[in-house]
Amino acid sequence: MMALICHRGTFANSLFLSKSALFTRSSSSLIHTLQALRTRVSPRAESTTSTLKEELIQPTTKRAVEQNIHGYEAIIGIETHVQLSTLTKAFCSCPYLYGSQPNTTICPICMGHPGTLPVLNSKVVDFAVKLGLALNCKMSMTSKFDRKQYFYPDLPKGYQISQFDIPIATNGFIDLDLPVEFGGGHRRFGITRVHMEEDAGKLLHSETGSYSQVDLNRAGVPLLEIVSEPDMRSGLEAAEYAAEIQRLVRYIGISNGNMQEGSLRCDVNVSVRPIGQLKFGTKVEIKNMNSFSAMNRAIDYEISRQVLLHSQGQSEQIVQETRLWEDGAQKTFTMRKKEGLADYRYFPEPDLPEVVLTKDYVDKIRRSLPELPEAKRRRYEELGLTMQDVLFLANDNHVAEFFDTTIENGADAKLAANWIMSDIAAFLKNERLSINEVKLTPFELSELIASIKNGTISGKIGKEILIELLSKGGTVKSLIEEKDLIQIVDPTVIEALVDKVLAANPKQLQQYRGGKTKLQGFFAGQVMKESKGKANPLVLNKILIEKLKGDN
């Protein structure tokens, strides 16, 4: 089964790679058919030849990893590709729309046709400088593009425009805080380089593996590759590093960072060595991880696999290779062996000029950067919030902005954090919404908190109002007036309600005075029911305790 690519302005919905490896020409089209390369990329292909040692390694847990790695340490580095949220591709005017029909957003330039010339999208440079500064890098005031030569069916030109020896940013670092539930702590990981490049296309494999379709929509999409120093020592640290990169690119607005869309892709390099040894062990690359939890598990599995081979004197079985993580099996499998470093035969891209930055340009972008996640976390700590609060609020820039605006309107920071992290977070989860999709505004949350704090309404009524504000909007003041929700604080009114409840429940009153003091909660609940939730809890409990003690 085949489809056409037309050279005169009409592009087919897809290309196919078939077994026949036949090339034919017609007057208006070139039909490409190549032998399927399914086995090259299938994680299942290696499963039939996996060694006995690999079969002995079961899906790992945190405790298993800690036990197995005794006497060894892991060395982990990550190459992260960030897809940029530009309107057009890196070197042409084609848009990139995730989920578009195959081969509908392509042109002769991104398809690499002879005689076409790339033109650099200036927004790519803006975003690269933003990321370089956010990662505390040294900016290269003059950098260049290079051609990285290699063959792959979804690389239409036979080379990738990238940066080799002079990337746009080098020698940076990123700071992060580990989750409290995993022991917490502050970490700093080095950044080797950030460079600009274009993406390749995508292969869509048939279920049978007999052919593969080529979708070139993604070809030419701008990427920034971030290469870390090998500073991580566990799957948890690596996953948290990747999560912080995602958080950072979202904060500065250069990418949506969605792993499920391929907007953030991480290739992890893992090796192990005996503790005290300076030389690195044999490096293994892991691909195909589509979540941070999968990255954590894949790395921990690979560490256990390598440590087992080391401990049994079979370290020679650890070879430089690329392995795929298969989530179903909770294992890594060999994808392809690497005999040595790939010879990409880099040379300067002749069709693109150098990228020259000025100090004024870099300073302007530096001034445009928002408060970054690390600075925000430290500021939240200074507000007296716990680390659990800090990590939750700073995790999402929209949540952080909502929180900041709420406290700018006068709300107590801890109370605002509590409302956002409990009732609001639960509503968002149940309704599958983000915080910027709800009707509640930060101002109204601050008004709600103030109304509870000054005694206008009870906390229980506040929760009811909150749900209405989240789903339908409105104002706290109007809802209180409309539903007659003002809290009852008059002791005389509350005393009358208490007397009514005690008179209606003589048996329970006798049991309370006989020693069943837990019934106080029952009476308080009945009074709240009588007051329709409007009785002030402090006044109510004070009067109730006095009434329960005697016969007055």
Suppose we screen for side-chain contact (heavy atoms from CB on, under 4.5 Å). Which residues come up paired with [X], at least two apart in sequence or across chains?
| X | result |
| --- | --- |
| T282 | I318, Q320 |
| T80 | I78, V82, I226, Y241, I245, L264, C266 |
| K202 | L204, R218 |
| L391 | D177, V180, R377, M387 |

### Query
Does a side chain donor of either N395 or R250 reach within less than 3.5 Å of an acceptor in the other side chain?
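Result is no, nothing qualifies.
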
### Message
Quick one about N258 and S263 (side-chain donor to acceptor, distance below 3.5 Å, no hydrogens or angles considered), yes or no?
### Response
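There is no such pair between these side chains.
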
Could you pull out all donor-acceptor pairs under 3.5 Å where a side-chain atom in residues 352-359 meets a protein atom, sequence neighbours excluded?
{"from": "T358", "atom 1": "OG1", "to": "Y361", "atom 2": "N", "distance (Å)": "3.1"}
{"from": "K359", "atom 1": "NZ", "to": "D363", "atom 2": "OD2", "distance (Å)": "2.8"}

### Query
With sequence neighbours left out, which residue pairs that include part of residues 380-405 fulfil the ring-ring contact (aromatic ring centres under 6.0 Å, His included) condition?
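Non-adjacent pairs meeting ring-ring contact (aromatic ring centres under 6.0 Å, His included): Y380-F403.
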
Under the salt bridge (charged side-chain N to carboxylate O under 4.0 Å, His left out) rule, collect the residues that match up with [X], sequence neighbours excluded.
| X | value |
| --- | --- |
| K144 | D146, D165 |
| R233 | E73 |
| E381 | R378 |

Would you please name every residue forming a side-chain hydrogen bond (donor to acceptor under 3.5 Å, both in side chains) with [X], sequence neighbours left out?
| X | value |
| --- | --- |
| S143 | Q163 |
| D389 | T386, K414 |
| K148 | none |

### Query
Cationic tip of K157 within the cone over Y159's six-membered ring, i.e. under 6.0 Å and within 45° of the normal?
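Verdict for Y159: a cation-pi partner in K157.
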
